[in-house]
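FYI, side chains are in, hydrogens and waters are out, and symmetry mates aren't considered; it's all heavy atoms of this structure. So that the names make sense, note that chain A is the first sequence line, chain B the second, and so on, each numbered from 1.
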Amino acid sequence: MREGAIGGTAARATDGVIKEVIVESDAVRTFCFQEPHSPWPGQYMMVWVRGVDEIPMSFSGPDRMTVHAVGEATRALFDLQAGDALGLRGPLGNGFSLVGEKILLVGGGVGVAPLAFLGDEARKAGMEVTSLIGFRTASDVVLKSRLEGLGELILTTDDGSAGVKGFVSAGLAKVDLEEVDQIYLCGPELMMWDVINRCRSRADRIQACINRYFKCAVGVCGSCCLDPEGIRVCAEGPVITAERLLEGEFGRYRRGPSGSIGSCQG
Amino acid sequence: MREGAIGGTAARATDGVIKEVIVESDAVRTFCFQEPHSPWPGQYMMVWVRGVDEIPMSFSGPDRMTVHAVGEATRALFDLQAGDALGLRGPLGNGFSLVGEKILLVGGGVGVAPLAFLGDEARKAGMEVTSLIGFRTASDVVLKSRLEGLGELILTTDDGSAGVKGFVSAGLAKVDLEEVDQIYLCGPELMMWDVINRCRSRADRIQACINRYFKCAVGVCGSCCLDPEGIRVCAEGPVITAERLLEGEFGRYRRGPSGSIGSCQG
Amino acid sequence: MRSLSGNVGGLDLQIPVILAAGILGTTGASLRRAALAGAGAVVTKSVGLLPRDGHPGPTVVVLEDGLINAMGLPNPSFRGFQEEIDVGRTGPAPVVASIFGSGSEEFAEVARSLKADAFELNLSCPHAEGLGAEIGCQPDNVEQITRAVKRSVDVPVWVKLTPNVSDIRALGLAAQEGGADAVVAINTLRAMAIDIQSGYPILGNSFGGLSGPAIKPVAVKAVYDLSGVLEIPVIGVGGISDWQDAVEMMMAGASAVQVGTALMGGYGVFQEIARGIASHLDRKGWTMEELVGLARRRVA
Amino acid sequence: MRSLSGNVGGLDLQIPVILAAGILGTTGASLRRAALAGAGAVVTKSVGLLPRDGHPGPTVVVLEDGLINAMGLPNPSFRGFQEEIDVGRTGPAPVVASIFGSGSEEFAEVARSLKADAFELNLSCPHAEGLGAEIGCQPDNVEQITRAVKRSVDVPVWVKLTPNVSDIRALGLAAQEGGADAVVAINTLRAMAIDIQSGYPILGNSFGGLSGPAIKPVAVKAVYDLSGVLEIPVIGVGGISDWQDAVEMMMAGASAVQVGTALMGGYGVFQEIARGIASHLDRKGWTMEELVGLARRRVA
Ligand SMILES: Cc1cc2nc3c(=O)[nH]c(=O)nc-3n(C[C@H](O)[C@H](O)[C@H](O)COP(=O)(O)OP(=O)(O)OC[C@H]3O[C@@H](n4cnc5c(N)ncnc54)[C@H](O)[C@@H]3O)c2cc1C
Ligand SMILES: Cc1cc2nc3c(=O)[nH]c(=O)nc-3n(C[C@H](O)[C@H](O)[C@H](O)COP(=O)(O)OP(=O)(O)OC[C@H]3O[C@@H](n4cnc5c(N)ncnc54)[C@H](O)[C@@H]3O)c2cc1C
Ligand SMILES: Cc1cc2nc3c(=O)[nH]c(=O)nc-3n(C[C@H](O)[C@H](O)[C@H](O)COP(=O)(O)O)c2cc1C
Ligand SMILES: Cc1cc2nc3c(=O)[nH]c(=O)nc-3n(C[C@H](O)[C@H](O)[C@H](O)COP(=O)(O)O)c2cc1C
Ligand code: FES
Ligand code: FES
C-alpha cells in the first residue's frame, strides 16, 4: 500500500475495527476502536462509513469518537457494532494547545467530546480544569461524569431540566474569568460566537474548535475556507484562536457542500 | 525532482561536470568529475552522452572513469573537455569484495581501470597487491604507474614491445598462485576465460568483472542476463565469482542489443 | 530576482506560475490568498449553470505520489459566484474563471454572465457525467464550445484538455481552430482505488481523477506534443511540486505552469517555484524564451 | 497455504501472478528463473518478424514511483527466439509468447511460426512507430488481428491493451469479438522526462511508457471498466508491487495479475504476492471467486 505520503502518514486510510459502542444518550454514542491512534485533543479524523459517506469527527480520546446522530452518515454509524469496521483517515488538523495553569472548557452538545479529551491531557499536565457545558435538556446531557472527574463542573440546560437554566452563557457568570488563563470552546457556532463576543477583550486567550463543510480534509479543495483570510479550517484548524474569528464569516454565515452561503446555525 | 527511489538513490540521474581529462594513451582517456560519487571498486555508472547514447562505465576512482574509444558514444565522449557535463546514473551493481591478505589483480586493456581503483582500496586495507596487466602493444599501456605504486607489477604485451611478450596468461607463470588469496579479473572476455580455465581449481577465489550488453541497468529489461542461471549482470554483477561462470555462456557467446547470440570476442 | 513576467495567453503575468482550477478556488478569500502568496494568476473552481453539491465522500484518496479526487464539480452555480470572483480580484493577480457546461450554449451562457479576467473551459474533468472529459474528448465539441465562448466574451479564453485520449494534439488543434488564446494541459487521469479490507471503491463516486507527482511524466509528454503543433501557448499542469518540475514542464514547451495538488504543502509553493526558475535561468544564462520548448530544439 | 490455482484465459496457473511482457523475458534462462521463483506463468519479451536493436540509450528513466522506458521492442526476431521459449518451458510454469507486428498478417505469421503455451498480442507498446498502441488504439485493428492470430494457432490468445485511449472498453470488446481468451490491461502510459540541466529529453527515443506504482490507479480503473463489460477474463497489470496491490487489482475484476517494474526488487515478489493473497483470503474467509470483482458487487 502506497497511500499517505503526500499528506503525511496521517492521510493514509486505515481500517478501524470497533471494539465497543457506548450509549451516551438517545442520540449520542461513543465508538471505541481496537487500535488507538496518536491524536492530540482537537484533532479529527475523516470517518468513512463504507457505501455511505465520509465525515469529520473529533477524537474524544486516543481510541474513540463521540457521535451525535443528525443525518445519513451518522445514523448509518449507529447501525454498527463491535467487530464492524470503518475507514479512518487521521489524526488530521491542528488541535488545541495547552496554555497556563487554570483552564476553562466551554462546550455545547456533542462539542463537549473533544473538550473531555483535552481535559484529560490538561490534568496529566497538572492543570486545574473547570468545565462549563450546556445542553438543550437533561436527557441530552453527555460525558458529564467524565468531565466531573476533571474538576469543577457547571451544567446548563436550555429548559432548566438539569443544572442552571439557560444557555451556556448563563453559566459563564459563575466563573471568575480573571482566574482563567485560557478558554477552550467547542459546540454550536452561535454558542461559540456568543461566548467569544462576551469575552472579546480576551479573544487572544480563547481557542475554538470550529466546524466547516469538509470534503478533502487535506487543504486542497477549498470547501472549508473561512472568510476573510481564506483559512483552510481542515488543515490549519479546526482549532483557531478567537482573535482570528472576530471579523469574518464566523458567527455570521457558513458555506454548504456546493460552496453557497447559508446560515451558521447548528 | 523525484527520480531514483524505486532503484535506490543510485538510479537517480545526476549532472556530472568534467573537471579534468587525462590522456592515458591514444585511445584511452580518464575523465575526472567535479563531484565524487561513493562507489566501491567494480561498481559502474551509466554514462549518458546527451544526444548520443547511454553506456556503462566502471569507476576507476571515486571521481573518475577511464574510457577506451571504440564506437559512437565513447568517441563522442572524447569530444568533451573540462566544464562539459554528462548525465550519470550510479554507482550501480555489486563491486569486488576484498578477501585475504595477498591479492592478485589481472587486467587486460582498459579493464585495468576498475582494478587500479580496487588496488587503492586493498592497500588502504593493508593488503599486499600484485598486478598482472596485458596490452596489445607498448603504446596501448595505461595506468601502469598507478598500479606500480601499489606493489609488484608484471606487464605483458602481445607483440613484446613492452614487458613480457605474450598474453596475460604468459605472465601468470611468474606469480606463485599458492601465495595468493584472491584473484581479481577485468578485461576482454576471452582473456578472463583463459585465466579462469587455467585456475579452475581455485574458481571460488576468483572474482571477475564482466561485460554484457546493458540497457536498463536496473535489472528489469533482461538484456544482460547470463545463461544458464539468468544472472542479471547489471544488478547482481558486474562482479561475479568465477565458479558461477564455468558452465554457461561466459567465454562461449554473448547477446547483442537485439538479444541475438553473437561472439564474446572483445 | 530576474523578472519572469510576460504575457501568456492574453494575460499579463508577473510570474508564470498559476493556481490550478478546483484547488482552493471555491471562495474569493482563498483565491486572493493564493494571489497574495505570489501566484501569477488564479483559476477558480469550475462553475456551471446550476448549483451542485458534488459527489458523496470520500472525495479524495491520498497516495504516496498523488491524489485521486472525485469532487464532482461542486459549485454554487455562476449566479452565486460573481461575488467570489470580485473578492478574488481585489488581490494582486488576474482571476481566471473556470467554467463547465453540457454544451456550447450552456458554456456561452455561463461565460456571458460572469465578469473575470479570463475564462478557462473545463472540457476535461474525468468524473462528471455528460460534462468535462465526456464531451471534451471529441475535437468537434472542443472547437464548437471554444468558438461559442469566444463569441460571447471579450477576455482571453483558455481551454483545458483531457489526457484520456489517444492523441491530445487533435484536441489542442480544435481549441486553436475555435479561437482559444491558450490551451491548458492536463486535467487528471481517470483512476480508481479500492479498499482491500472491505472491497469498496474508496471514492464516493467509485472512480475519479489522478493528480500529483504520479502524472507529471504524462503531463510533460502532453505539453511536448501540444507545443509541437500549436501556435497558441500551452500552459502546463500536472504533478508540478517544485521549481525543477516547473523547469521541466517549460522545457517541454509550457509558457506557464499551473500548480494544484502541491498546494497540500501550503501556499509557499508559488514563490519557491518562481525563485527556483529565476536562479536556474541565472545559473545557465538562459532567457525565458530560451527555456520554453528547449527540449524540442535539443533533438531537432 | 490455501490453493490459488485455477484456469485463467485458457491456461492452468498454480498462482494467479504472472511475469509481465518485456520484463526479464529476453532469454529462456531468465524466463525459467522467474518460473522457478514462483511465477504462475511467464510472458516473453515481445518478438516480431525482424530483429530490432531497439532505441538508443538511455532506455529507462528511474523515478521515485515508477519507470519510464523506451526499449523500442528490441528482439532477435521470432526466428532466433524459439530456442529461448523452449528453454523457458523447461521451467515449472507455462510460457506465453508476446508478439507484435504491423498488421494481421505479420501477427499471424509470427504466431504460426512459434510454439508456446499461449500468445499475448502486444497491441499497446506506446513508443514504437507503426506498431503496438499506434495500431492497437483502433478497435477494428484489435478485432482483426485477434481473429487472424486465433485462426493461426490452437493455444489461448491474450490481447494486451493500451490505456492511452478515451474508452478502453471498446478495445476489450473488440478483442473478445475477435475471439481472445483473455485481455491484459494495461500497457504503459505515454510519458516523457526532460533533463533540466541540459534540456535534453532523457530517453534516447525522447518519450516512452510509464510503469510502476504511479500508474496503478489508472490500471485499476481500466480493469474495473473492462471486467464490467467483458465475458472473458481480465488480467490486471500496472504498478503491482505487493500483495495489497494484487488484491486491489483482483477486487477491481482481474482474474490474475502480471508484475513488471516491481521485479527491480528481485524475483521474490511472486511468492510474496501469492502468500499475501492467500493469507488475506484466510483472514477474511473469502474464496478467489469472492475476491475477483468484489468492488463492483459492493456498489451494485
Ligand atoms: C472538525 C469537525 C469535527 C467534528 N466532530 C464531531 C464530533 O466529534 N461528533 C459529532 O457528532 N459531530 C462532529 N462533527 C460534525 C459531523 O461531521 C456532522 O454532524 C456529520 O458530518 C453529519 O453527517 P450526516 O451524514 O450524518 O448528516 P447530513 O445529513 O449529511 O448533514 C447534517 C449536517 O452536518 C454537517 N455536515 C455534513 N457533512 C459534513 C462534512 N463532510 N463536513 C462538515 N460538516 C458536515 C452539515 O452542517 C449538515 O447540514 C464535526 C465536524 C467537523 C468539521
Ligand atoms: C559493467 C561494464 C563496465 C564497463 N567499463 C568500462 C570502462 O571502464 N571503460 C571502457 O572503456 N569501457 C567499459 N565498458 C565497455 C563500454 O560500455 C563500451 O565500450 C561502450 O558501451 C561502447 O559504446 P560505443 O557507443 O562507443 O560503441 P558501439 O559502437 O556502440 O559498440 C561497441 C561495442 O561496445 C559494446 N557496447 C556498446 N554499448 C554497450 C552497452 N550499452 N552495454 C554494454 N556494452 C556495450 C558492444 O560490445 C559493442 O559491440 C564497460 C562495460 C560494462 C558492461
Ligand atoms: C481536488 C481537486 C479538484 C479539482 N477540480 C478541478 C476543477 O474544478 N476544474 C478543473 O478544470 N480541474 C480541476 N482539477 C484538476 C486540476 O486543476 C489539475 O488539472 C490537476 O490536478 C493536475 O495538476 P496537479 O497535479 O498539479 O494537481 C482538480 C484537481 C484536484 C486535485
Ligand atoms: C522495461 C520494460 C519493458 C517492457 N516491454 C514490454 C514488451 O516488450 N511488451 C509488452 O507488451 N509490454 C512491455 N512492457 C510493459 C509491461 O509488460 C507492463 O504492461 C507495464 O510495465 C505495467 O506493469 P508494471 O507497472 O508492473 O511494470 C515493458 C515494461 C517495461 C518497464
Ligand atoms: S476540506 Fe478541502 S480544503 Fe479543507
Ligand atoms: S541491463 Fe536490463 S536487466 Fe540488466
| Which region of D/Gln197, side chain (C-beta onward) or backbone (N, CA, C, O), has a non-hydrogen atom less than 4.5 Å from a non-hydrogen atom of chain C, or is it both or neither? | both
| Heavy-atom contacts under 4.5 Å, residues 287-300 of chain D to chain C | D/Leu294, D/Ala295, D/Arg298, D/Val299
| remark: Those residues at least two apart in sequence (or on a different chain) that pass side-chain contact (heavy atoms from CB on, under 4.5 Å) with D/Ala219 are D/Ile186, D/Met249
| query | Of the listed residues (C/Cys137, C/Gly208, C/Ala214, C/Pro217), which shares the most heavy-atom pairs with chain D below a 4.5 Å separation? | reply | C/Pro217
| query | Taking the side chain from C/Glu248 and the backbone from D/Ile194, do they hold a donor-acceptor pair closer than 3.5 Å? | reply | yes
| task | Taking all heavy atoms of C/Trp243 and all of D/Ile196, pick out the closest pair and write down the distance. | result | CZ3-CD1, 3.8 Å
| field | Contacting region of C/Tyr224 [heavy-atom separation from chain D under 4.5 Å] | value | side chain
| message | For chain C, which candidate among D/Ser198, D/Ser206, D/Pro126 shows the most heavy-atom pairs at distances under 4.5 Å? | response | D/Ser198
| note | From the list D/Ile68, D/Ile215, D/Val218, D/Leu210, side chain to side chain contact (heavy atoms under 4.5 Å, CB included) with C/Val218 holds only for D/Leu210
| said: Can you list the residues of residues 161-171 of chain D that sit under 4.5 Å from chain C, counting heavy atoms only? | reply: D/Asn164, D/Val165, D/Ser166, D/Asp167
| Qualifying residues under side chain to side chain donor-acceptor pair (under 3.5 Å), relative to D/Gln138, sequence neighbours excluded | none
